[in-house]
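Just below is one structure, and these are the notes that go with it.
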Amino acid sequence: MRRPIRDRPRRIFMTVTIDIKDRLALPVTNMKTTRTYTMRARAAAVEDTRARIQGALFELGTQRLFPDISLDDVARAAGVSVQTVLRHFGSRADLIEAAIDYAIDRIADERPAPVGEVDAAMAVLVDHYEQRGDIAMLMLAQEKSDPQVGRLTERGRRMHRDWVGAVFEPLIGRDEQTIDLLVVATDVYTWKLLRHDRGLSRPKTQERMTALVEVVLATGRP
């Protein structure tokens, strides 16, 4: 004779309930993981697109004057549409502002130098001028006519002064007059005068600039 249903053990029903909860929990966890991964991938794609657009403007700016660079030029170089450029930056002026930050960060990354080591630091600096010196001169030629380019060159000057102060600090401390003289001795215009105007080779240019630095250090050391 079969027992009434109410007398049967309840653990069967409890086990079924736990099983159902466990099975339901698995898709929820997977959905959260998938959603997080998708959001991160989208954010990375957005940053990659912004960097490509900024990099495109930076490279175009090494070849021609900023007023001659259109949004069409930037979009084409970055491999995106003009609408995409505007969606990320809003306007051409805002794009240039963002590109200024990009340019300063990129230049800073290109010229790290060993602190307190004159020859090694000058080799890094002259290598950088060989790569970017003509571009710097192009920017300087526009600074009076284009306020945005003027902000870029002004930030570049401050960055160079900070570089001089940091690299030579073990040799001169924080003496402002000596830093002024070292800024002149290591400036891109000094490189241009020797490399282009005098027509010296790269090694000779570095030799002359290093000699200037040594003279300043000899008279300015505490």
What is the minimum heavy-atom distance between Ile179 and Gly165, and which atoms define it?
-> CD1-CA, 4.3 Å
Is it true that a side-chain atom of Glu169 and a backbone atom of Arg174 form a donor plus acceptor pair closer than 3.5 Å?
-> no
Do Ile53 and Val46 belong together in a cluster built from hydrophobic side chains that touch within less than 4.5 Å?
-> no
Return the minimal non-hydrogen interatomic distance between Pro114 and Val167, and the atom names on each side.
-> O-CG1, 4.0 Å
Using atom types as modelled and distance alone, determine if a side-chain donor or acceptor of Arg92 lies under 3.5 Å from a backbone N or O of Ile69.
-> yes
Check the pair Lys204 / Leu194 against side chain to side chain contact (heavy atoms under 4.5 Å, CB included), numbers first and verdict last.
-> CA-CA 8 Å; Lys204 284 293 184 184; Leu194 295 168; over 6 Å; no
Cationic N near anionic O, under 4.0 Å, Arg106 to Asp109 | no
Please work out whether the ring planes of His196 and Trp191 are parallel, tilted or perpendicular, with thresholds of 30° and 60°.
-> perpendicular
Check whether any side-chain heavy atom of Leu182 sits under 4.5 Å from a side-chain heavy atom of Ile172, and report yes or no.
-> yes
Got a second to check how far Leu95's CG is from Gln148's CD, nearest 0.5 Å?
-> 9.0 Å
Does a side-chain N-to-carboxylate-O contact under 4.0 Å join Asp127 and Arg202?
-> yes
Check for a donor-acceptor pair, side chain of Gln142 on one end and backbone N or O of Gly150 on the other, with a separation under 3.5 Å.
-> no
Answer whether the closest heavy-atom distance between the side chains of His128 and Ile107 falls below 4.5 Å.
-> yes
Before accepting this row, confirm whether a basic side-chain N of the pair Asp180/Arg161 lies closer than 4.0 Å to the acidic partner's carboxylate O.
-> yes
Begin with the C-alpha distance, continue with both residues' side-chain angles, and end with the deciding distance and a verdict on side chain to side chain contact (heavy atoms under 4.5 Å, CB included) for Phe168 and Val115.
-> CA-CA 6 Å; Phe168 297 107; Val115 174; over 6 Å; no
Between Val188 and Leu200, is there a shared hydrophobic cluster once you connect ILVMFWY residues whose side-chain heavy atoms come closer than 4.5 Å?
-> yes
So does Asp101 pair up with Arg155, basic N to acidic O under 4.0 Å?
-> yes
Should Tyr189 and Leu181 be regarded as members of a common hydrophobic cluster, given that ILVMFWY residues are connected when their side-chain heavy atoms come within less than 4.5 Å of each other, either directly or indirectly?
-> yes
What's the verdict on side chain to side chain contact (heavy atoms under 4.5 Å, CB included) for Val80 and Val74, showing C-alpha distance, side-chain angles and the deciding distance?
-> CA-CA 9 Å; Val80 299; Val74 176; over 6 Å; no
Under 4.5 Å between any side-chain heavy atoms of Val149 and Lys144, yes or no?
-> no
Taking side chain as C-beta onward, heavy atoms only, is Asp146 less than 4.5 Å from Ile96?
-> no
Please determine which of Arg195, Gln131, Glu207, Gln206 meets the side chain to side chain contact (heavy atoms under 4.5 Å, CB included) test together with Val126.
-> Gln206
Would you say the side-chain atoms of Thr190 pair up with the backbone N or O of Val184, donor to acceptor, closer than 3.5 Å?
-> yes
Would a hydrophobic clustering, with Ile, Leu, Val, Met, Phe, Trp and Tyr connected at side-chain separations under 4.5 Å, put Leu86 with Leu57?
-> yes
From Thr153 OG1 over to Leu138 CG, what is the distance, rounded to the nearest 0.5 angstrom?
-> 11.5 Å
Check which hydrophobic residues are tied to Phe58 through side-chain heavy-atom contacts below 4.5 Å, counting indirect links as well, and list them.
-> Tyr102
Are Arg151 and Glu97 close enough for a salt bridge, meaning some N to O gap below 4.0 Å?
-> yes
CD (Gln63) and CG (Asp68) are apart, to the nearest 0.5 Å, by 12.0 Å
Results of salt bridge (Lys or Arg N to Asp or Glu O under 4.0 Å) for Arg52 - residues two or more places apart only | Asp48
Is there side-chain contact between Leu193 and Arg198, with heavy atoms separated by less than 4.5 Å?
-> no
Lys/Arg N to Asp/Glu carboxylate O, Arg64 vs Asp73, below 4.0 Å = yes
Over all atoms of both residues, closest heavy-atom pair of Ile104 and Met159 = O-SD, 3.8 Å
Side chain to side chain contact (heavy atoms under 4.5 Å, CB included) between Ile135 and Arg132, worked out | CA-CA 5 Å; Ile135 300 166; Arg132 301 291 184 192; 3.6 Å; yes
Separation between CG (Leu125) and NE2 (His160), nearest 0.5 Å, reads 6.0 Å
Single-linkage hydrophobic cluster, 4.5 Å side-chain cutoff, Met209 and Val124 together | no
Can you name the nearest heavy-atom pair linking Ala77 to Ala56, along with the distance?
-> CB-CB, 3.8 Å
Nearest-0.5 Å distance, OG1 of residue Thr219 to CD of residue Glu214 | 11.0 Å
Is there a donor-acceptor pair under 3.5 Å between the side chain of Tyr129 and the backbone N or O of Thr186?
-> yes
With distance as the sole test, does Trp163 use its side chain to make a donor-acceptor pair with the main-chain N or O of Ala108 at under 3.5 Å?
-> no
